[in-house]
Amino acid sequence: MKRKFLKTYIVLTILLALFFLMDGRTYILARSTGYKALKVFEYYKSTELSSSIEEVNKPHFILKSRGADEKTVEELGNLLEKSYDLVGKEFNYYPTKNIPVFVYGSMEAFWDYNKALDGETVMGLYNMGVIHLVVPEAFDLTLEQYETNGPVLHEYTHLVVDELTGGNLETWFTEGLALYQEYNVYGTEWGQFMDSKDEYSLEDLRGNFMALDSDKAYRKSFLIMKDIYDRKGNHEVLDLLKELKAGYDFYKAFASLSDS
């Protein structure tokens, strides 16, 4: 016991020393590597350990049903393939590994598998390389309404941005990018008729984003990214994503993009 404790103490001391010796970029890259390892495990868990679940295979997606009928799963697979092309053109990025997607037949089914969100109405979710979708029928939407106002393109954009930045991003930033893609592709503008009074600032978004009023926070995130696209264009955004993937501090890299 004593020897084991001593060895553990030495290892922890070395790791602590390395932490303080790292510059900011090295630390971000190390954190990104750890995140990538977690995503690999999540991918394995979603594809291999859930292989008994009924699934529909598409060219770039593996859809697994959790209470959804096969026809709906097939239709959502087609929407995902459409998003794969549309978002791919915008970001010049096309994942080569098949993406796991869980399709839930009801909100109750979603809550059963995602306890942390129990009671919250969620149309879709992206988490560590895996997309989760709740069927259109749960929201009384047609497939067409679900395509233009639903979660498919939104959640897929999260996946692409996550891949292109190595997870080195802020929540408001990926939400703003996903909302902008909805606007860019379908003309769907989040919170278009909201009162702009008491609008959040960037500093507000930098805090605990999830604790803010979601409608106002999403609206501000969208407006920030729309302004950047309007002023700087797509190439500047893609350059920022590359810098983030390379391990640069988010706000230092973002500052050059947000400046007039």
Side-chain angles (χ1 to χ4, degrees), residues 39 42-88 90-91 93-95 97-163 171 174-186 188 190 210 214 218 222:
K39 283 177 67 178
E42 187 67 23
Y43 182 87
Y44 171 76
K45 187 174 72 172
S46 300
T47 55
E48 301 296 329
L49 299 185
S50 62
S51 57
S52 61
I53 300 175
E54 183 181 344
E55 64 182 46
V56 171
N57 289 290
K58 291 291 184 179
H60 305 103
F61 299 89
I62 304 169
L63 293 94
K64 295 176 178 286
S65 172
R66 285 178 167 168
D69 65 77
E70 186 176 352
K71 179 175 179 291
T72 301
V73 175
E74 183 77 30
E75 290 172 337
L76 296 188
N78 293 336
L79 290 185
L80 283 161
E81 288 294 338
K82 186 174 181 178
S83 292
Y84 181 90
D85 291 332
L86 290 168
V87 176
E90 182 71 13
F91 291 94
Y93 179 72
Y94 301 88
K97 185 168 62 176
N98 282 8
I99 299 158
V101 181
F102 289 101
V103 182
Y104 302 86
S106 65
M107 280 309 315
E108 289 73 22
F110 177 84
W111 293 330
D112 284 344
Y113 287 94
N114 299 276
K115 299 296 185 183
L117 295 171
D118 191 12
E120 295 188 35
T121 301
V122 177
M123 297 180 78
L125 173 71
Y126 168 74
N127 185 42
M128 289 200 297
V130 181
I131 294 173
H132 303 259
L133 302 172
V134 182
V135 296
E137 293 81 3
F139 309 98
D140 295 323
L141 295 175
T142 65
L143 187 65
E144 291 74 19
Q145 291 170 329
Y146 191 81
E147 178 181 359
T148 57
N149 294 280
V152 178
L153 184 130
H154 186 102
E155 303 306 334
Y156 181 68
T157 300
H158 282 325
L159 180 142
V160 168
V161 173
D162 186 25
E163 291 284 321
T171 303
T174 183
E175 292 298 347
L177 277 172
L179 292 169
Y180 181 79
Q181 291 311 309
E182 293 180 29
Y183 171 78
N184 186 47
V185 173
Y186 294 119
T188 303
W190 178 273
M210 302 307 292
S214 59
Y218 275 54
F222 165 74

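The analysis underlying the following values was restricted to heavy atoms, covering all of them including side chains, and did not include hydrogens, waters or symmetry mates. Predicted model, so just to flag it, every value in this text is computed and none were measured.
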* Would you give the length of the straight line joining atom NZ of K97 to atom CD1 of I62, rounded to the nearest 0.5 angstrom? => 10.0 Å
* Given side chains that start at C-beta, do those of W111 and S106 come closer than 4.5 Å, heavy atoms only? -> no
* Structure fact -> In terms of heavy-atom contacts, P136 and T72 come closest through CD-CG2, 4.0 Å
* Structure fact -> Between the CD atom in E182 and the CG atom in N184, the distance rounded to the nearest 0.5 Å is 11.0 Å
* Asked: Does T148 offer a backbone N or O that forms a donor-acceptor pair with the side chain of T188 under 3.5 Å?
  -> yes
* Going from NE2 on H132 to OH on Y104, what distance comes out if it is rounded to the nearest 0.5 angstrom? -> 4.5 Å
Would you mind writing out the side-chain donor-acceptor pairs for residues 79-86 within the sub-3.5 Å range, not counting sequence neighbours?
unit_1 : atom_1 : unit_2 : atom_2 : d
E81    : OE1    : H60    : ND1    : 2.7
E81    : OE2    : H60    : N      : 2.8
K82    : NZ     : E147   : OE2    : 2.7
S83    : OG     : L79    : O      : 3.3
Y84    : OH     : P95    : O      : 2.7

* **Smallest separation among heavy atoms of A109 and R66, with atom names** => CB-O, 3.7 Å
* Structure fact -> Closest heavy-atom pair, V135 versus Y146, reported as atoms and distance to 0.1 Å, is C-CE1, 4.2 Å
* To do: Taking all non-hydrogen atoms of both residues into account, name the closest pair between V73 and A68 and its distance.
  => CG2-CB, 3.8 Å
* Sub-4.5 Å side-chain heavy-atom contact between H158 and L125 -> no
* Asked: If you count the non-hydrogen atoms of other residues, nucleotides and ligands that lie under 6.0 Å from OH in Y183, is the total more than 12?
  -> no
* Structure fact -> CD of E137 to CG of D69, rounded to nearest 0.5 Å, is 6.5 Å
* Answer with yes or no after comparing the ring centroid distance for Y218 and W190 against a 6.0 Å cut-off, counting only values under it. => yes
* **Pairs involving residues 115-124, ordered by first then second residue, that meet side chain to side chain donor-acceptor pair (under 3.5 Å) (sequence neighbours left out)** => none
* Asked: Minimum heavy-atom separation for V160 to Y93, with atom names?
  -> CG1-CD2, 3.8 Å
* Asked: Between atom CD of E108 and atom OH of Y113, what is the distance when rounded to the nearest 0.5 Å?
  -> 13.5 Å
* Might you confirm whether atom CD of Q145 has over 12 heavy atoms from other residues, nucleotides or ligands at distances under 6.0 Å? => yes
* Structure fact -> Here the gap from F139 atom CZ to M107 atom CE, rounded to the nearest 0.5 Å, amounts to 5.5 Å
* Structure fact -> Closest non-hydrogen atoms of P100 and G129, given as atom of the first, atom of the second and distance, are CD-O, 3.7 Å
* Asked: Relative to each other, are the rings of F61 and Y156 parallel, tilted or perpendicular (30° and 60° limits)?
  -> perpendicular
